[in-house]
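Structure first, then comments.
We number each residue from 1, following the sequence as shown. These numbers were taken from a predicted model, which means no experiment stands behind them.
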Amino acid sequence: VVVRWITQDFDGVDNYIDDVLTPVAIADAVTAKLLEYGLPTKPAEPLASTRVLGLQLSKDSDGLVSWTRRTGIDLNLSEQPTLRDLFSWCGRLTGHVPVCGWLRSWCSYLKRIANTDVSWDKPLTDSHLQKFCKEL
């Protein structure tokens, strides 16, 4: 909401969580405006060379530009996951499907119930937690 309010006078600016999309011609002006309000930014990057919400902008051989997903992401969880494995797995799931609100909530719930006096590298033994992970 704050970023939207600060950038409301610029045409073509959009934001989602911590990403600000802006036309190249006004990127420096938007960066300066955000800095005025104490919001430093990373240097602007062309959209074609970065990922946004787990999606990559790709151009096919005919020059058609489209959004594609990364390939080769392992979305499986090991049979005896540790707390570290569970947190990593939840991050991969929510990064692969970033706009799936129920999934983000469910992963937060799993991490909360798993994070009770457990070592990062000790296998999780809670049978309910294991069942929840298999269901997901």
Side-chain angles (χ1 to χ4, degrees):
V1 175
V2 172
V3 172
R4 189 173 302 128
W5 180 79
I6 293 170
T7 60
Q8 68 187 343
D9 295 333
F10 295 98
D11 289 329
V13 176
D14 197 6
N15 69 296
Y16 186 81
I17 303 179
D18 65 348
D19 291 320
V20 179
L21 305 173
T22 182
V24 173
I26 61 170
D28 290 338
V30 171
T31 299
K33 187 69 167 184
L34 290 168
L35 194 54
E36 280 180 34
Y37 286 88
L39 298 171
T41 63
K42 297 184 295 187
E45 298 178 50
L47 195 56
S49 65
T50 186
R51 275 195 305 274
V52 177
L53 301 174
L55 299 174
Q56 175 73 43
L57 195 60
S58 301
K59 190 182 289 188
D60 68 13
S61 58
D62 296 328
L64 181 65
V65 177
S66 62
W67 292 102
T68 57
R69 290 204 175 277
R70 271 190 318 198
T71 57
I73 298 174
D74 181 12
L75 297 177
N76 295 313
L77 183 63
S78 65
E79 287 296 318
Q80 287 292 316
T82 64
L83 188 60
R84 186 180 311 276
D85 294 333
L86 178 68
F87 273 60
S88 175
W89 179 64
C90 287
R92 288 192 312 270
L93 287 175
T94 57
H96 188 66
V97 190
V99 292
C100 194
W102 68 267
L103 178 62
R104 187 170 302 279
S105 300
W106 189 245
C107 283
S108 292
Y109 175 69
L110 284 176
K111 292 189 301 186
R112 181 171 296 241
I113 62 173
N115 200 14
T116 54
D117 298 325
V118 176
S119 167
W120 274 101
D121 297 310
K122 182 179 173 190
L124 300 171
T125 57
D126 184 322
S127 62
H128 294 297
L129 180 64
Q130 290 175 352
K131 182 179 177 183
F132 292 155
C133 289
K134 285 183 185 197
E135 287 295 319
L136 187 58

Is it the case that atom CD in Q8 sees more than 12 heavy atoms from other parts of the structure closer than 6.0 Å? yes
Minimal heavy-atom distance between L93 and C107, with the atoms involved, is CD1-SG, 4.2 Å
request  = For residues V20 and T41, determine if any side-chain heavy atom of one lies less than 4.5 Å from a side-chain heavy atom of the other.
outcome  = no
Output for pair (K33 NZ, D9 CG), nearest 0.5 Å, gives 6.5 Å
Derivation of the side chain to side chain contact (heavy atoms under 4.5 Å, CB included) call for L39 and I6 = CA-CA 10 Å; L39 298 171; I6 293 170; 3.6 Å; yes
Without swapping roles, check the side chain of S88 against the backbone of R84 for a donor-acceptor pair under 3.5 Å. no
Please verify the inter-ring angle class for Y109 with F132; under 30° counts as parallel, over 60° as perpendicular, anything in between as tilted. tilted
Do V13 and W5 sit in one hydrophobic cluster, given that two such residues count as connected whenever their side-chain heavy atoms are within less than 4.5 Å of each other, even indirectly? yes
Check for a donor-acceptor pair, side chain of D62 on one end and backbone N or O of L64 on the other, with a separation under 3.5 Å. no
Could you check E79 against K134 for side chain to side chain contact (heavy atoms under 4.5 Å, CB included), going step by step and ending with a plain yes or no?
CA-CA 10 Å; E79 287 296 318; K134 285 183 185 197; 4.0 Å; yes
In this structure, CG of L83 is separated from NZ of K111 (nearest 0.5 Å) by 10.0 Å
Taking every heavy atom of F10 against every heavy atom of I26, the minimum-distance pair comes out as CB-CD1, 3.9 Å
Rounding to 0.5 Å, atoms CH2 (W120) and CZ (F87) come to a distance of 4.5 Å
So CG of L86 and CD of Q130: to nearest 0.5 Å the spacing works out to 10.5 Å
The reported gap from CG in N115 to CG in L124 (rounded to nearest 0.5 angstrom) is 9.5 Å
Heavy-atom closest pair (P23 atom, G12 atom, distance to 0.1 Å) is CD-O, 3.3 Å
Heavy atoms of R92 and N76 approach each other most closely as NH2-O, 3.2 Å
Co-membership, hydrophobic cluster, residues W102 and I113, 4.5 Å side-chain:
yes
Distance col, row T7:OG1 vs Y37:OH, nearest 0.5 angstrom, shows 10.5 Å
Above 12 or not: heavy atoms from other molecules or residues under 6.0 Å from CG of D28?
-> no
**Asked** Would you say C133 and L110 make side-chain contact, with heavy atoms under 4.5 Å?
**Response** yes
**Asked** Should we say atom CG of D11 is surrounded by more than 12 heavy atoms from elsewhere, each under 6.0 Å from it?
**Response** no
Just wondering, do S105 and S108 contact through their side chains at under 4.5 Å, heavy atoms? no
Nearest heavy-atom approach of A114 to L129 is CB-CD2, 3.5 Å
